Amino acid sequence: MFQINRNFVAGDLTPAMLSPNQDAKTAPNIVSTTPSMPSGPTRESLLAAIASLDLTSLAPATDTDESTRILCQQAQSGPVPCAAVCVLPKFVALAKTELAGSGVKVATVVNFPEGVAATEEVERQSRGAIADGVDEIDVVWNWRKFTLGDENGALAPIRAVAEAVAGSNQSEQIVVKVILETAALESDSVYDAAHLVLHRLCGYGADSLPAGAEEDPDYVSPFSSAARTHLKFLKTSTGQLAMSKSDPTPVSYENKSTGATPAAVRALAEAINDVGARSVGIKVSGGVRTVEDAVGYLDIVSTKLDGELEGRFRIGASNVYGKLVSAVESHGV
Ligand SMILES: O=C[C@H](O)COP(=O)(O)O
């Protein structure tokens with residue numbers, strides 16, 4: 001048995017728990033079910049998906065105190081509680097009040113959505129969220145600098161958040177997630193991005209110094225013990241990456257996605273396994289829209305991540321919760 005989230009204990013998620021038609025390696029939203037067979041995922045996998053959900057609303061133009069209260073109510077009143085709500089920084093204090101005693105965590109975002117804020121600004125946003133009682137901080141790393149080869153620049157926002165957390169008096173409870181914006185990276189560099197964060201910044205895996213670093217007097221290791229302590233998830237996407245104007249192809253969950261893709265999630269799992277980061281999990285976010293997507297990503301992570309799965313899987317989504325709840329209800333008790 002493993003516990004995805006302390007509110008819900010799922011059996012060892014196995015392919016059999018999903019639709020009998022679903023090949024364990026099937027990527028989300030290409031699950032094929034035949035009319036003659038019971039279609040759709042099992043009730044237990046649906047409940048596990050809800051228990052792993054960061055119920056999200058990050059819409060500055062429309063989010064209000066009232067919508068935040070409704071989000072918090074939803075998160076604690078479904079068939080099982082969600083793992084967390086993910087709200088804009090200005091709603092953290094309200095969400096903490098609304099969720100007091102529920103066990104549902106409050107997450108927010110910093111350096112969001114672009115990932116280009118100055119380190120001082122990232123520190124300021126982090127300290128503000130911590131002062132409001134946040135439980136989890138999802139920080140966008142400076143992925144543009146990563147694509148330009150500036151590794152320290154890319155990692156700087158993560159360091160800033162981790163060190164603000166470490167310097168607080170709630171540091172033991174606060175979890176940091178890094179949003180890699182995988183859809184903005186070359187698909188074959190998603191692994192490298194994850195490996196850079198885990199190996200160089202957090203020091204997972206042997207010999208975290210690059211070749212020649214010891215002889216290079218100018219080499220500055222990006223290692224951060226605060227990041228090693230507090231970084232607990234690699235997160236795929238902000239969910240706000242715009243399609244390039246020159247390519248208006250409708251968003252799909254493969255290739256043209258601006259959010260999570262199965263290939264990116266598999267690459268993150270491979271990097272986590274390769275450096276032995278057994279306490280780091282994956283948060284799949286950005287474009288998770290259907291029940292099949294949610295349970296399909298749950299299956300990928302549960303079959304690809306080495307070691308215990310407990311607390312190492314999250315879904316960040318603003319538009320799948322109701323579909324998951326309806327799917328549970330259609331299963332009956
Ligand atoms: O986790 C954060 C994302 O904004 C959720 O993305 P989404 O709005 O595509 O579900």
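Please read these numbers as outputs of a predicted model, since none were measured by experiment. Order of appearance sets the numbers: ligands from 1, and atoms from 1 within every ligand.
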**OP:** Determine whether any heavy atom of Gly286 lies closer than 4.0 Å to an atom of ligand 1.
**Re:** yes
**OP:** May I ask whether Gly287 places a heavy atom under 4.0 Å from ligand 1?
**Re:** yes
Give the residue, atom name and distance (to 0.1 Å) of the protein heavy atom nearest [atom].
{"atom": "atom 5 (C) of ligand 1", "result": "Gly316 O, 3.6 Å"}
{"atom": "atom 3 (C) of ligand 1", "result": "Thr238 O, 3.2 Å"}
{"atom": "atom 7 (P) of ligand 1", "result": "Ser318 OG, 3.5 Å"}
{"atom": "atom 1 (O) of ligand 1", "result": "Lys235 NZ, 3.3 Å"}

Original post:
Can Val106 be reached from Val165 by stepping across I, L, V, M, F, W or Y side chains whose heavy atoms are under 4.5 Å apart?
Top reply: yes
Subject >> Interfacing atoms of ligand 1 (cut-off 4.0 Å, heavy-atom, Ser285) >> reply: 1 (O)
**OP:** Below 4.0 angstrom from a heavy atom of Ala317, which ligand 1 atoms are there? Numbered from 1 as shown, please.
**Re:** 10 (O)
Original post:
With the threshold set at 4.0 Å, does a side-chain nitrogen-carboxylate oxygen contact exist between Lys232 and Glu136?
Top reply: no
Original post:
Are Lys90 and Asp132 close enough for a salt bridge, meaning some N to O gap below 4.0 Å?
Top reply: no
**OP:** Would you mind reporting whether Glu181 and Thr238 have side-chain heavy atoms less than 4.5 Å apart?
**Re:** yes
Taking side-chain contact (heavy atoms from CB on, under 4.5 Å) as the criterion, tell me which of [options] meets it with [X].
{"X": "Lys283", "options": "Val265, Val178, Thr236, Asp54", "value": "Asp54"}
{"X": "Val320", "options": "Leu55, Thr56, Leu53, Val325", "value": "Leu53"}
{"X": "Val197", "options": "Leu268, Asp192, Leu155", "value": "Leu155"}

Original post:
Within the structure, does Gln240 bring an N/O atom to less than 3.5 angstrom of an N/O atom in ligand 1?
Top reply: no
